[in-house]
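Okay, structure first, notes after.
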Amino acid sequence: MRKPFIAGNWKLHKTVTEALDLAGALKQEAAGVEDIDIVIAPVYTALAKTADLLTNSNIQVAAQNCYPAVSGAFTGEVSPALLKDAGCRYCIVGHSERRQLEGLKDISTQAMQNLVVAYEPVWAIGTGKTASDEQAEEAHCFIRGLLRGLYDEAVAEATRILYGGSVKPDNVDGLMAQKDIDGTLVGGASLKAADFARIIKFKRP
Ligand code: PEP
């Protein structure tokens, strides 16, 4: 059984004060929600304070990007070690919006332990259009097959594969009912406490 994983990608939204307000509201909403990994990804400037606020809660903090070096002359970049130091437990790597800004790059060099994969059809990101439950399941099944071929059965069965692309309170239950969909990566709907709360409280089949 793979533990569900629900992540909110706040993208370029929220001042530090606004981030703390939202994180505080989510902390209350998520109290008592068990057997699921809940992660939020604020902007860099809000990471450390948000992580502090969420200490001893069931919400973990992620960064939205990182640079695969320990330290050095890399102006403007942040390393995984510094993100960990700021209280991050996860980091999004290779988001399509970053690849659009930077051009295609090999994201394998950024991959860290505890890999969670997200399938996000680009036409569904921020558009309000969502893949049907069946389309998403077909893609997830395909990705799990790739993992089986690249690694082995154990890795394929253990890796959580998230769906992303206009996930909302009214479509999360159907997506999460699919066998190979282990969670969701949520953009727009993660910016409202009530919507994200409903998403983490998806109805289990
Ligand atoms: C995302 O940020 O990865 C995303 C899927 O955004 P949205 O939910 O707004 O489509």
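Side-chain atoms are counted along with the backbone in the values below, which use heavy atoms only and exclude waters and symmetry mates. Please read these numbers as outputs of a predicted model, since none were measured by experiment.
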Practice task
Compare all side-chain heavy atoms of K49 with those of L20 and state whether any distance is below 4.5 angstrom.
Solution key: yes
Fill in the blank from the handout: dist E77:CD -> N65:CG (nearest 0.5 Å) comes out at 7.0 Å
Handout entry: Minimum heavy-atom distance between A41 and A63, given as atom pair plus value
Key = CB-O, 4.3 Å
Fill in the blank from the handout: Tightest non-hydrogen contact, residues A124 and S166, listed as O-OG, 2.7 Å
Exercise for the section: Side-chain contact test, heavy atoms from C-beta onward, threshold under 4.5 Å: evaluate it for H13 versus V43 and give yes or no. Expected result: no
Problem - Over 12 non-hydrogen atoms of neighbours within 6.0 angstrom of NZ in K27 - result: yes
Practice task
Tell me, yes or no, whether the heavy-atom count around L101 atom CG, taken from other residues, nucleotides or ligands under 6.0 Å, exceeds 12.
Solution key: yes
Fill in the blank from the handout: So NZ of K3 and CZ of R160: to nearest 0.5 Å the spacing works out to 7.0 Å
Handout entry: From CA spacing to verdict: side chain to side chain contact (heavy atoms under 4.5 Å, CB included), K203, R198
Key = CA-CA 9 Å; K203 299 223 163 29; R198 173 63 184 83; 3.5 Å; yes
Practice task
Could you tell me the separation between the CG atom of D52 and the CG atom of L47, rounded to the nearest 0.5 Å?
Solution key: 11.0 Å
Practice task
Give the ring-plane orientation class for Y119 versus H140, where under 30° counts as parallel, over 60° as perpendicular and anything between as tilted.
Solution key: perpendicular
Problem - Minimum-distance pair of heavy atoms, taken over all atoms of A23 and L53 - result: CB-CD2, 3.6 Å
Exercise for the section: Could you check if a side-chain atom of V167 sits within less than 4.5 angstrom of a side-chain atom of I6, using non-hydrogen atoms only? Expected result: no
Practice task
Output the distance between atom OG1 (T50) and atom CD (Q60), rounded to the nearest 0.5 Å.
Solution key: 13.0 Å
Problem - Side chain proximity check, T130 to L175, heavy atoms < 4.5 angstrom - result: yes
Exercise for the section: Would you sort out whether C66 and V78 count as a side chain to side chain contact (heavy atoms under 4.5 Å, CB included), showing the intermediate values? Expected result: CA-CA 5 Å; C66 65; V78 180; 5.7 Å; no
Handout entry: Nearest-0.5 Å distance that lies between atom CD1 in I125 and atom NZ in K11
Key = 6.0 Å
Exercise for the section: Give a yes or no on whether I161 and L150 share a hydrophobic cluster (residues Ile, Leu, Val, Met, Phe, Trp, Tyr; joining criterion: side-chain heavy atoms under 4.5 Å apart). Expected result: yes
Problem - Residue pair I36 / R204, side-chain heavy-atom distance below 4.5 Å - result: yes
Problem - Spatial distance of atom CD (Q178) from atom SG (C141) [nearest 0.5 Å] - result: 10.5 Å
Handout entry: Sub-4.5 Å side-chain heavy-atom contact between R98 and I92
Key = no
Exercise for the section: Could you check L22, I38, L191 and say which one makes a side chain to side chain contact (heavy atoms under 4.5 Å, CB included) with F196? Expected result: I38
Handout entry: Side chain N58, main chain V33, donor-acceptor under 3.5 Å
Key = yes
Handout entry: Shortest non-hydrogen contact between A193 and A25, atoms and distance
Key = CB-CB, 3.8 Å
Problem - Which residues share a side-chain hydrogen bond (donor to acceptor under 3.5 Å, both in side chains) with Q28, sequence neighbours left out - result: none
Handout entry: D195 side chain near S190 side chain, heavy-atom distance below 4.5 Å
Key = no
Exercise for the section: Please list, chain by chain and in numerical order, all residues satisfying side chain to side chain contact (heavy atoms under 4.5 Å, CB included) with A69, sequence neighbours excluded. Expected result: Y67, F74
Exercise for the section: Report whether L146 and Y163 are members of the same hydrophobic cluster (ILVMFWY, side-chain heavy atoms less than 4.5 Å apart, transitive linking). Expected result: no
Completion exercise
Tightest non-hydrogen contact, residues S57 and I59, listed as OG-N, 3.1 Å
Problem - Main-chain N/O of D21 paired to K14 side chain as donor or acceptor, under 3.5 Å - result: no
Exercise for the section: Measure the shortest side-chain to side-chain distance between Q135 and P121 over non-hydrogen atoms and say whether it is less than 4.5 angstrom. Expected result: no
Completion exercise
Nearest heavy-atom contact between A136 and I181 is CB-CD1, 3.7 Å
Problem - Contact list for residues 135-157, test salt bridge (Lys or Arg N to Asp or Glu O under 4.0 Å), sequence neighbours left out - result: R2-E157, R144-D180, R144-D182, R148-E153, R148-E157
